[in-house]
Structure formats: C-alpha cells, structure tokens
*Asks:* 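Below are the structure tokens for one structure; questions will follow.
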Amino acid sequence: HFLAIKEDITTRKLAEEERAMMEIKLRQAMKLEAIGQLAAGIAHEINTPTQYVGDNTRFLQDAFGDLSKILESYHHLFETSRRGSVNPELVAGVEKAIQEADLAYLTEEIPKAISQSLEGVARVTAIVRAMKEFSHPGGDEKQAIDLNRAIESTITVCRNEWKYVAEMATKFDPDLPLVPCHPGELNQVFLNLIINAAHAIADVKGQENGKGTITVGTRRDGEWAEIRIADTGTGIPEEHRRKIFTPFFTTKEVGKGTGQGLAISHSVVVGKHQGTIEFETESGKGTTFIIRLPLGPSYS
C-alpha cells in the first residue's frame with residue numbers, strides 16, 4: 001500500500017513537472033511568435049523615418065551643390081575687391097548665382113530638412129530602444145522595474161498593430177513606485193492585451209473616422225500597482241465571459257488566434273506574480289482589463 005502511494009506521488013510529481021515544462025515551452029513559443037509577428041511592423045515603422053532622412057539628406061546634398069556655386073562667386077568677388085578692381089559684371093554674376101540657386105528658398109528649407117532628419121533618427125532610436133527593452137530576457141529572479149516605461153516600450157513596439165484602427169491614450173501615474181516582476185513575461189501580457197484591444201476595435205463596424213481608442217493607465221492602489229487597458233471595441237459576449245482565460249478558447253477565426261494569449265496572461269499575472277487579472281465589459285461598448293500586481297513587502 002505504501003509503495004502504491006509513493007508511486008502515485010511520483011507519477012503526479014512527474015506529470016506536474018511535465019506540465020510546467022510544457023507551459024514554459026508554450027510561453028517561449030508564444031514570445032517567438034509575437035516577435036516574429038512584430039518584426040514586419042517594426043521594419044515598417046523604421047522604414048518610414050529612414051525614408052525621409054534619406055530624402056532630406058539627398059536634398060541637402062543638392063542644396064550644398066547650389067550653395068557652393070554661390071560661395072564660389074562670393075569668393076571671387078571678395079578676392080577681386082581686395083585688389084580694388086570690382087566691376088558691375090562681377091556683381092551681376094553673383095546676383096545670377098543667387099537667383100539660380102534660389103537662396104531664399106534654400107535658407108528657409110535647409111533648417112527644416114535638418115530638423116526633420118534629426119526627428120527621424122530620434123524616432124528610429126526610440127523604436128530600437130523599445131524593442132531592446134521589450135525583448136530583454138530577464139532571469140529567474142524578479143526585478144524592480146519602471147512599469148510605465150515597460151508599457152510605453154510595448155506600445156511603441158506594437159504601434160503598427162494598432163495605429164490603423166485606434167488612437168492610443170496613456171494615463172500613467174508618475175508617482176508609481178518600481179514594481180517587482182518578471183519584465184519579459186509581463187511585456188508579453190501587455191502586448192497580448194493591446195493587440196486584442198486593437199482586434200476588438202477593428203471588429204466594430206461603421207466607426208466615425210474608422211478609429212476607436214485604446215486607453216492604457218497605471219495607478220497605485222495601496223500595496224498594489226494597477227494597470228488598466230481599455231478599448232472601445234465590440235465587448236465580450238455574455239456567453240464567452242466565463243471562458244476567456246481557459247486554454248485554447250478563442251472566438252477568432254482559424255489562423256487568427258490560438259486561444260492561448262489570455263490563458264498565458266492569467267498564468268503569468270496570477271501564477272508567477274501573485275496578482276489578479278479581471279475585466280469589465282459591455283457588448284458594443286468595449287472592454288477594460290484590470291491587472292493588479294503586488295508592490296512587495298518594502299511598500300507595505
């Protein structure tokens with residue numbers, strides 16, 4: 001009898017270890033899938049500012065050629081005036097060079113081109129930095145992180161997923177303390193909820209301007225950090241509300257979703273962070289997901 005109990009415990013332990021290993025593999029697969037899905041969007045996001053940096057640089061190259069001709073004529077005028085032999089033809093030549101180059105236009109447009117190029121470089125830098133922060137592998141130990149910055153990085157990384165269907169509004173609590181967590185896994189949760197919000201908005205027919213709103217907010221609530229991700233989408237139908245955190249449950253058409261996103265989000269928030277994940281929803285009005293994470297003993 002004792003051996004049977006021992007064998008049963010061993011079998012259950014092995015099953016639990018196998019289930020835990022499967023969940024780790026599934027999370028890794030989901031992360032790889034997400035990064036793969038984001039890669040094309042990030043390439044597009046980087047391509048746009050890179051293009052106008054290139055266009056402006058070519059304009060500056062041409063403009064410098066035109067300015068060189070003016071500078072050359074000025075130099076000739078200067079050298080001639082030093083010898084005290086300036087003539088009207090020389091002055092007319094300088095005037096002609098100025099007119100041909102359209103100096104007034106260049107003087108106005110060159111600073112704009114430089115400013116736009118710097119903006120483009122800053123945009124690319126921001127996207128690359130956000131991707132690095134989003135993809136940070138982390139470790140087994142929790143890290144105290146700036147949650148607002150982590151969410152901002154995730155919003156930047158997946159911009160191509162939501163920008164066509166929604167405006168993004170953020171309401172970050174600037175006084176939110178650092179939150180102990182596993183950053184990489186929480187970023188996956190935020191990513192999943194933001195993309196789900198974009199899909200819910202995309203499913204709404206006949207919107208004004210064709211766009212809805214995703215609102216992401218943070219606040220401190222006692223010993224908890226609270227994150228709210230709200231959308232103006234279709235809402236969750238009554239019959240689906242009890243099942244949305246169930247593995248493999250999805251309302252999306254074949255090929256659009258595995259039904260694992262919210263199940264893994266629940267596992268990460270509740271299982272790995274001892275937090276809570278809930279939602280408020282109204283059919284036809286939208287859904288708000290509310291995540292609460294413990295701030296840890298140092299804040300109690």
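In what follows, residues are counted from 1 in the order of the sequence shown.
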*Asks:* What residues form a side-chain hydrogen bond (donor to acceptor under 3.5 Å, both in side chains) with Thr215, not counting sequence neighbours?
*Replies:* none
*Asks:* Ignoring hydrogens and angles, tell me if any N or O in the side chain of Thr80 forms a donor-acceptor pair with the backbone of His76 under 3.5 Å.
*Replies:* yes
*Asks:* Would you please test Ile227 and Ile290 for side-chain contact (heavy atoms from CB on, under 4.5 Å) and show each step?
*Replies:* CA-CA 6 Å; Ile227 305 102; Ile290 303 134; over 6 Å; no
*Asks:* Counting C-beta onward and ignoring hydrogens, is there a side-chain heavy-atom pair between Asp66 and Ile70 closer than 4.5 Å?
*Replies:* no
*Asks:* Can you name the closest pair of heavy atoms from Ser283 and Pro237 and give their distance?
*Replies:* OG-CA, 4.0 Å
*Asks:* Can you sort out the partners of His273 under side chain to side chain contact (heavy atoms under 4.5 Å, CB included), two or more places apart, ordered by chain and number?
*Replies:* Lys142, Cys181, His182, Leu186, Val268, Leu293
*Asks:* With a 4.5 Å limit on heavy-atom distance, are the side chains of Ile155 and Trp162 in contact?
*Replies:* yes
*Asks:* State, yes or no, whether a side-chain contact exists between Pro183 and Gln143 at a heavy-atom distance under 4.5 Å.
*Replies:* yes
*Asks:* Does Glu226 pair with Arg228 as a salt bridge, N-O distance under 4.0 Å?
*Replies:* yes
*Asks:* Starting at CD1 of Ile151, measure out to CD1 of Ile194 and round the result to the nearest 0.5 Å.
*Replies:* 7.5 Å
*Asks:* I'd like to know if the side chain of Thr218 reaches the main chain of Asn148, judged simply by a donor and an acceptor atom lying under 3.5 Å from each other, with no hydrogens or angles considered.
*Replies:* no
*Asks:* Tell me every residue that passes side chain to side chain contact (heavy atoms under 4.5 Å, CB included) with Glu109, counting only those two or more places apart in sequence or in another chain.
*Replies:* Phe59, Tyr105, Lys112
*Asks:* Pair Phe190, Ile291 - check side-chain contact (heavy atoms from CB on, under 4.5 Å), show working.
*Replies:* CA-CA 10 Å; Phe190 302 143; Ile291 297 167; 4.2 Å; yes
*Asks:* With a 4.5 Å cut-off on side-chain heavy atoms, are Arg220 and Asp173 touching?
*Replies:* yes
*Asks:* Any donor-acceptor pair under 3.5 Å linking the side-chain atoms of Asp203 with those of Thr234?
*Replies:* no
*Asks:* Which residues pass the side-chain hydrogen bond (donor to acceptor under 3.5 Å, both in side chains) test with Asp221, sequence neighbours left out?
*Replies:* Arg292
*Asks:* Are there over 12 heavy-atom neighbours, none belonging to Gln274, within less than 6.0 Å of that residue's CD?
*Replies:* yes
*Asks:* Does Asp146 have any salt bridge (charged side-chain N to carboxylate O under 4.0 Å, His left out) partners at least two apart in sequence or in another chain, and if so, which?
*Replies:* none
*Asks:* Does Trp224 belong to the same Ile/Leu/Val/Met/Phe/Trp/Tyr cluster as Val269, with side-chain heavy atoms less than 4.5 Å apart forming each link?
*Replies:* no
*Asks:* Quick one: side chain to side chain contact (heavy atoms under 4.5 Å, CB included) partners of Leu60, sequence neighbours excluded?
*Replies:* Ile110, Ala113, Ile114
*Asks:* Which distance, rounded to the nearest 0.5 Å, do you find between the CD1 of Ile42 and the CD of Glu161?
*Replies:* 9.5 Å
*Asks:* I need the minimum non-hydrogen distance between Gly233 and Val204, along with the two atoms involved.
*Replies:* C-CG2, 3.5 Å
*Asks:* State, with a plain yes or no, whether a side-chain heavy atom of Ile46 is found less than 4.5 Å away from one of Val128.
*Replies:* yes
*Asks:* Tell me every residue that passes ring-ring contact (aromatic ring centres under 6.0 Å, His included) with Phe279, counting only those two or more places apart in sequence or in another chain.
*Replies:* Phe289
*Asks:* Got a sec, which hydrophobics cluster with Val53, joining ILVMFWY side chains under 4.5 Å apart, including via others?
*Replies:* Val121
*Asks:* Just how far is it from atom CG of Asp55 to atom CZ of Arg58, taken to the nearest 0.5 Å?
*Replies:* 5.0 Å
*Asks:* What distance separates Leu103 CG from Leu67 CG, expressed to the nearest 0.5 Å?
*Replies:* 6.5 Å
*Asks:* Rounded to the nearest 0.5 Å, what separates atom SG in Cys158 from atom CG in Leu191?
*Replies:* 5.5 Å
*Asks:* Which residues satisfy the salt bridge (charged side-chain N to carboxylate O under 4.0 Å, His left out) test with Arg82, sequence neighbours excluded?
*Replies:* Glu79
*Asks:* Under 4.5 Å between any side-chain heavy atoms of Ile214 and Ile201, yes or no?
*Replies:* yes
*Asks:* Pairs in or reaching into residues 116-131: which pass side-chain hydrogen bond (donor to acceptor under 3.5 Å, both in side chains), with residues at least two apart or in two chains?
*Replies:* Glu45-Arg123, Asn56-Gln116
*Asks:* Any side-chain heavy atom of Leu147 within less than 4.5 Å of one from Phe172?
*Replies:* no
*Asks:* Shortest non-hydrogen contact from Leu106 to Ala63?
*Replies:* CD2-CB, 3.8 Å
*Asks:* Any pair with a residue in residues 93-104 that passes side-chain hydrogen bond (donor to acceptor under 3.5 Å, both in side chains), sequence neighbours left out, goes on the list, sorted by first then second residue, please.
*Replies:* none
*Asks:* Output side-chain donor-acceptor pairs under 3.5 Å for residues 164-171, partner residues at least two apart or in another chain, one line each.
*Replies:*
residue : atom : partner : partner atom : Å
Tyr164  : OH   : His44   : NE2          : 3.3

*Asks:* When clusters are formed by joining ILVMFWY residues with side-chain heavy atoms under 4.5 Å apart, either directly or through shared neighbours, do Leu295 and Val270 land in the same one?
*Replies:* yes
*Asks:* Take Thr288 and Thr281 through the test side-chain contact (heavy atoms from CB on, under 4.5 Å) and record every step on the way to the result.
*Replies:* CA-CA 6 Å; Thr288 301; Thr281 190; over 6 Å; no
*Asks:* As a quick check of understanding, evaluate side-chain contact (heavy atoms from CB on, under 4.5 Å) for Leu193 and Leu262, giving each step before the final call.
*Replies:* CA-CA 8 Å; Leu193 292 176; Leu262 286 172; 3.6 Å; yes
